[in-house]
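One structure below.
Both counts, for ligands and for their atoms, begin at 1 and track the order of listing.
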Amino acid sequence: MSALRLPPLPTVRNIIRIYRLQAVKQLSQNFLLDENITNKIVKYVGKVPNSEVLEVGAGPGAITRSILRRLPKKLVIVEKDKRFKPTLEMLQEAYKTVNGKVDIFYDDILSVDTKSLFSAENARDWEDDCPPIYIVGNLPFSISTVLIIKWLHAMSEQRGAWAHGRVKMTLTFQKEVADRLVAEVEQPHRCRLSVMAQAFTTPKLRFIIPGEAFVPKPDVDVGVVTFVPLARPRTRHEFKLFEKITRHMFSFKQKKCIKCARTLFPKVSQIPMADELLDMANVNPNVKATYLSVEDINRITTAYKSLCEKYPEIVGYNYRASRRVITKKDTKSVYIQDYDEE
Ligand code: SAM
């Protein structure tokens, strides 16, 4: 590919003015206009030249430009809002002049099959180095947690983009969510998200973008987090079961973890069963949930599975449903496990 000279395009600020793009709150549209910041995000993406990159929610395209300047072989954009079509197509045309490829899908990232976006020739075996395939996005706040859990699930089963190997992600989150994703044992932000992210990846908080850098300015600062999938995940349990146990074990962060463990069992037997569970898992019942490591949760999951075999009646128990007043309309959902990915 010859050197890239993107033709002079209007600045992102002008594009917003020209296309009268009003940030839509529902789509969590907070745009980055500072090239130094978008270049810095892209620096963490990986070895972009000649790679394939997926950008989620390109908006008016500031991060997109920073990616294209690094000359990927192919850039795939998934953007829900069609109002960005003219802007993004200008960049697509400009990139053609250096024989580069930009594919644009106006779609909801939550329903896109990410496997089909990349070519099989770049795939690597799971335990090999990461493939030259990257995912980057200044994510809408409204979907960032659901999306990361959905993608961790796909990663755990080597589906979607992760059918091509250990695809690295560089994503933004509200600072507080970013803090949670990377919180270590004993840190105050430690929660379900920390355990889930750290069971399957090495999440790193790279830098903070102050709210003032966005247009319009959100109420919070934003953290840029990279996730490299682990060659050997720290749990081999089925994702939904491991997530369920993690969620229950963090149901009361400030109380002893034995209280959390009790939420896994029906009221009549919860005290002896939770004692048996933590005893089997060799976990101190008196520590707070924030002291639990991924390995602790993994052992609790193993112990829970054994208890389910011993006492099949606990399998369908649903704590949240048991605390609701169940109306006739509700009864169908009682036996469905709580799970907030889909
Ligand atoms: N990347 C741009 C930037 O940094 O200036 C825009 C970031 S803005 C926080 C989030 C973008 O994601 C918006 O362009 C919005 O339209 C888009 N978006 C929102 N929900 C989406 C979804 N479910 N799937 C794909 N894109 C979405």
Counting non-hydrogen protein atoms only, what is the nearest one to [atom]? Give residue, atom name and distance.
atom                    : result
atom 15 (C) of ligand 1 : Glu79 OE2, 3.4 Å
atom 27 (C) of ligand 1 : Lys80 CB, 3.6 Å
atom 23 (N) of ligand 1 : Asp108 OD1, 2.9 Å
atom 18 (N) of ligand 1 : Pro140 CG, 3.7 Å
atom 10 (C) of ligand 1 : Asn138 O, 3.6 Å
atom 5 (O) of ligand 1  : Leu32 N, 2.8 Å

With the threshold set at under 4.0 angstrom, would you say [X] reaches ligand 1 through any of its heavy atoms?
X      : value
Phe141 : no
Ile63  : yes
Leu147 : no
Ala58  : yes

Looking only at N/O atoms, are [X] and ligand 1 under 3.5 Å apart anywhere?
X      : result
Asn30  : no
Ile109 : yes
Gln29  : yes
Gly57  : yes

[X] side chain vs [Y] backbone, donor-acceptor pair below 3.5 Å:
X      : Y      : answer
Lys175 : Pro210 : no
Trp162 : Leu152 : no
Glu157 : Ala163 : no

- Test side-chain contact (heavy atoms from CB on, under 4.5 Å) applied to Leu117 and Asp103, step by step: CA-CA 9 Å; Leu117 303 179; Asp103 289 342; over 6 Å; no

Please identify which atoms of ligand 1 are closer than 4.0 Å to at least one heavy atom of [X].
X      : value
Glu55  : 1 (N)
Asp107 : 24 (N), 25 (C)
Asp81  : 16 (O)
Phe84  : 14 (O)
Phe31  : 5 (O), 6 (C)

- Message: Heavy-atom pairs closer than 4.0 Å: do any link ligand 1 to the side chain of Leu110, the backbone, both, or neither?
- Response: neither

- Residue pairs fulfilling ring-ring contact (aromatic ring centres under 6.0 Å, His included) with at least one residue in residues 176-204, sequence neighbours excluded: Phe200-Phe239

- Message: Walk me through whether Lys256 and Val287 qualify under side-chain contact (heavy atoms from CB on, under 4.5 Å).
- Response: CA-CA 5 Å; Lys256 293 176 182 175; Val287 297; over 6 Å; no

- Listed once per pair and sorted, the side-chain hydrogen bond (donor to acceptor under 3.5 Å, both in side chains) pairs that draw on residues 262-276, sequence neighbours left out: His248-Thr263, Glu276-Lys310, Glu276-Tyr311

- Item | Six-ring centre of Tyr95, Lys101 cation under 6.0 angstrom, axis tolerance 45° |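 Because its charged atom misses either the 6.0 Å distance or the 45° angle limit, Lys101 does not stack over Tyr95.
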
Indicate yes or no: at least one non-hydrogen side-chain atom of [X] is less than 4.5 angstrom from one of [Y].
X      : Y      : answer
Ile67  : Val45  : no
Met155 : Met169 : yes
Leu88  : Val102 : no

- Audit row: Arg192, Glu243, salt bridge (Lys or Arg N to Asp or Glu O under 4.0 Å) steps and yes/no: CA-CA 8 Å; Arg192 171 188 79 126; Glu243 193 278 340; 2.5 Å; yes

